[in-house]
J.: 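So that we are looking at the same thing, I have put the structure below in structure tokens.
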There are 2 protein chains.
Amino acid sequence: MTEPHRSGCPINLTLELLGDRWSLIVIRDIIFGNRRYFRELLTQSEEGIASNILADRLKRFVENGLLTRTDDPDHRQKALYSLTEPAIQLVPLLAQIGAWGRRYTPATHELSVRAQLLEEGGPKLWAAFMQELRSIHLGAPSKGRSVIATLQSAFERAVGESARPKARQ
Amino acid sequence: MTEPHRSGCPINLTLELLGDRWSLIVIRDIIFGNRRYFRELLTQSEEGIASNILADRLKRFVENGLLTRTDDPDHRQKALYSLTEPAIQLVPLLAQIGAWGRRYTPATHELSVRAQLLEEGGPKLWAAFMQELRSIHLGAPSKGRSVIATLQSAFERAVGESARPKARQ
DNA sequence: ACAACCAGTTGCAATATGCAATCACATGGG
DNA sequence: CCCATGTGATTGCATATTGCAACTGGTTGT
């Protein structure tokens, strides 16, 4: 067996898996946008991901254990993507990326609301949010959905109908 | 003026800047490996970055305000790269990436030591480390260098002379 | 003078990405 | 049944990025 990795450094290995322009965009939309179907991820993407790139990333994530793919019971053709625990553990990472981007990139105010809430909430909010993701994607028990509701409604209010997704097929 | 960005989302904008296989590797080596010269970054890179990629990234980082480039006073030909505050603020992000990679990628034990120390130290250690980076790269006052010393020596001990960099020119 | 070293640049093949068109299959309505 | 629509992709092709070796123009040390 040959070693396909550039090095065994944890930062490097994470970059080999997620270090490109689209991977974390897809994860972000599943986690914070609650998108679970190919078509949702394709057409409701703020950045306009191409269908072949999306297909490739979803396939790679399933192969690497970040997502699971199951058939939708109501629609045989539809595939439902669910987060695994490793993917849920990316929440702190995405929160840090969002916090950094909010300070040091020309992010628009409306799209920064979500990052700001996550930053102000801190690790406690992240943990509550992750627990709710577990209840949605892994079937874990939950006590409420206040965090999801807060983040979702803040995001929807900020973006709302004004966002014109650049859908393609 | 046309808008060159895919969206104003802070996560997206951060990915447009740092979302590739090499950018954070270079930042990591400057921050944790204390490498400040082109040749150091090129030949002491664990992953073996190519010289044109390194040149491109350094140039982009200077353009985007993540690094500053100054001439070495002792050596006219040598260029010294220094971290700016935005780059120093990437420490928490790199710590999260390392922590995730340590759990969910096949990272080698020796290269995970640094990530483990950062994870166990938490935000307090990050802040102390960042303050020391400011004293080194920005000339800020400092009270000591225990954090750098700890991280550096742990890393050097783990990698030591065993690391054979794949240098190219 | 001369070898060694410095920060890059150049040329070129291989690979990855972006994008539109297309595919096979499933569902729903008449 | 027939056909429009929606599904998760795949294909072809142009462009962009990467990997790699060779090379450049200048500097330093002896």
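Reckoned from all heavy atoms, side chains included, excluding hydrogens, waters and symmetry mates.
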J.: How many Å lie between CG on A:L67 and P on D:dG8, as a whole number?
T.: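 Going from A:L67 (CG) to D:dG8 (P), I get 14 Å.
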J.: What is the separation between atom CD1 on B:I49 and atom C1' on D:dA21, rounded to the nearest whole Å?
T.: 16 Å
J.: Measure CG/A:D72 against C1'/C:dA26 and give the value in whole Å, please.
T.: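 Rounded to the whole Å, the gap is 12 Å.
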J.: On a plain distance test, is the side chain of B:R39 in donor-acceptor contact with the base of C:dA7 below 3.5 Å?
T.: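 Per atom types, the contact qualifies.
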J.: Taking all non-hydrogen atoms of both residues into account, name the closest pair between B:R21 and A:G19 and its distance.
T.: NH1-O, 3.1 Å
J.: So, does the side chain of B:Q77 form a donor-acceptor pair with the base of D:dT27 at under 3.5 Å?
T.: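 Looking at the base of D:dT27, it does not pair with any donor or acceptor on the side chain of B:Q77 (distance under 3.5 Å).
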J.: For A:V26 versus A:L41, what's the shortest heavy-atom pair and its separation?
T.: O-CD2, 4.1 Å
J.: Can you measure B:Y37 atom OH to C:dC6 atom C1' for me and round it to whole angstrom units?
T.: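 Taking OH of B:Y37 and C1' of C:dC6, I get 12 Å after rounding.
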J.: Kindly compute the distance separating OG (A:S112) from CD1 (B:I11), expressed to the nearest 0.5 Å.
T.: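 Going from the OG atom of A:S112 to the CD1 atom of B:I11 covers 10.0 Å.
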J.: Can you get from B:L93 to A:L125 by hopping between Ile, Leu, Val, Met, Phe, Trp and Tyr side chains that sit under 4.5 Å apart?
T.: yes
J.: Less than 4.0 angstrom between a side-chain N/O of B:R76 and OP1 or OP2 of D:dG29, yes or no?
T.: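 For D:dG29, OP1/OP2 do not have a side-chain N/O of B:R76 under 4.0 Å.
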J.: Measuring centre to centre across the rings, with the benzene-like ring taken for any Trp, is A:F32 within less than 6.0 Å of A:F129?
T.: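 A:F32 vs A:F129: aromatic centres under 6.0 Å.
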J.: Specify the separation, in whole Å, of atom NZ of A:K78 and atom C1' of D:dA9.
T.: 16 Å
J.: Would you tabulate the pairs of protein nitrogen or oxygen atoms and nucleotide nitrogen or oxygen atoms of nucleotides 14-18 of chain C closer than 3.5 angstrom?
T.:
| unit_1 | atom_1 | unit_2 | atom_2 | d |
| --- | --- | --- | --- | --- |
| C:dT17 | OP1 | A:R57 | NH2 | 3.3 |
| C:dG18 | OP1 | A:W22 | NE1 | 2.7 |
| C:dG18 | OP2 | A:W22 | NE1 | 2.5 |

J.: Rounded off to whole Å, could you give me the CD1-to-C1' distance for the B:I25 and D:dT18 pair?
T.: 15 Å
J.: I would like to know whether A:D20 and A:R57 meet salt bridge (Lys or Arg N to Asp or Glu O under 4.0 Å); could you show each step before the answer?
T.: CA-CA 10 Å; A:D20 68 89; A:R57 294 304 182 279; 3.4 Å; yes
J.: I need the CG-P distance between A:L42 and C:dC19, as an integer number of Å.
T.: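 Distance check: A:L42 CG to C:dC19 P gives 12 Å.
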J.: Does A:E47 form a salt bridge (Lys or Arg N to Asp or Glu O under 4.0 Å) with A:R28? I'd like the steps, not just the answer.
T.: CA-CA 12 Å; A:E47 287 82 14; A:R28 178 204 65 183; 2.7 Å; yes
J.: Roughly, in whole Å, what's the span from CD in B:E47 to C1' in D:dT18?
T.: 16 Å
J.: Please say yes or no: joined through hydrophobic side-chain contacts below 4.5 Å, possibly via intermediate residues, are A:L80 and A:I30 part of one cluster?
T.: no
J.: Under the salt bridge (Lys or Arg N to Asp or Glu O under 4.0 Å) criterion, do A:R103 and A:E119 qualify, and how do the steps go?
T.: CA-CA 11 Å; A:R103 282 174 216 272; A:E119 191 178 349; 2.2 Å; yes
J.: Bend across the helix from C:dA1-D:dT30 to C:dG30-D:dC1, to 10°, with axes taken over 5 pairs at each end?
T.: 10°
